[in-house]
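Computation of the quantities below employed the complete heavy-atom set of this structure, encompassing side-chain atoms and omitting hydrogens, waters and symmetry-equivalent molecules.
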Amino acid sequence: MYRLDAIKIFVRVVESGSFSAVAVELGVGQPAVCKQVASLEAHLGATAFCVPRAISLTEAATNLRTSLGRIDNRELS
């Protein structure tokens with residue numbers, strides 16, 4: 001179940017482009033959002049985001065997002 005939460009957060013970060021915005025949306029601190037993404041990264045064995053100033057997806061995250069694109073967003077809510 002924890003991976004589903006991490007996937008939901010990953011999708012929201014991708015859509016919003018902001019860890020902070022997702023934290024505000026969920027009513028949690030930014031470290032909690034980062035921790036969920038880090039747990040997903042650990043499970044995948046790959047880094048999900050490049051974060052110089054604005055986040056961008058790595059190749060592994062792009063592949064994951066493409067795979068998740070087939071899942072209706074309502075299923076992740």
Measuring from [X]:[atom1] to [Y]:[atom2], what's the distance to the nearest 0.5 Å?
X     : Y     : atom1 : atom2 : result
Leu40 : Asp5  : CG    : CG    : 11.0 Å
Phe49 : Leu57 : CZ    : CG    : 5.5 Å
Ser16 : Ile9  : OG    : CD1   : 11.0 Å

> Ile7 versus Gln36: any side-chain heavy-atom pair under 4.5 Å?
Replying inline: no
> Which atom pair, heavy atoms only, marks the closest approach of Ala48 to Ala61?
Replying inline: O-CB, 3.0 Å
>> Under the rule for side-chain hydrogen bond (donor to acceptor under 3.5 Å, both in side chains), what residues qualify as partners of Gln30, not counting sequence neighbours?
In response: none
> Which residue pairs pass the salt bridge (charged side-chain N to carboxylate O under 4.0 Å, His left out) test when at least one of the two sits in residues 26-45, sequence neighbours left out?
Replying inline: none
Can I get a per-line list of side-chain donor-acceptor pairs under 3.5 Å for residues 18-29, giving both atom names and the distance, sequence neighbours left out?
unit_1, atom_1, unit_2, atom_2, d
Ser18, OG, Ser20, N, 3.3
Ser18, OG, Ala21, N, 2.9
Glu25, OE1, Arg12, NE, 3.2
Glu25, OE1, Arg12, NH2, 2.7
Glu25, OE2, Arg12, NE, 2.9

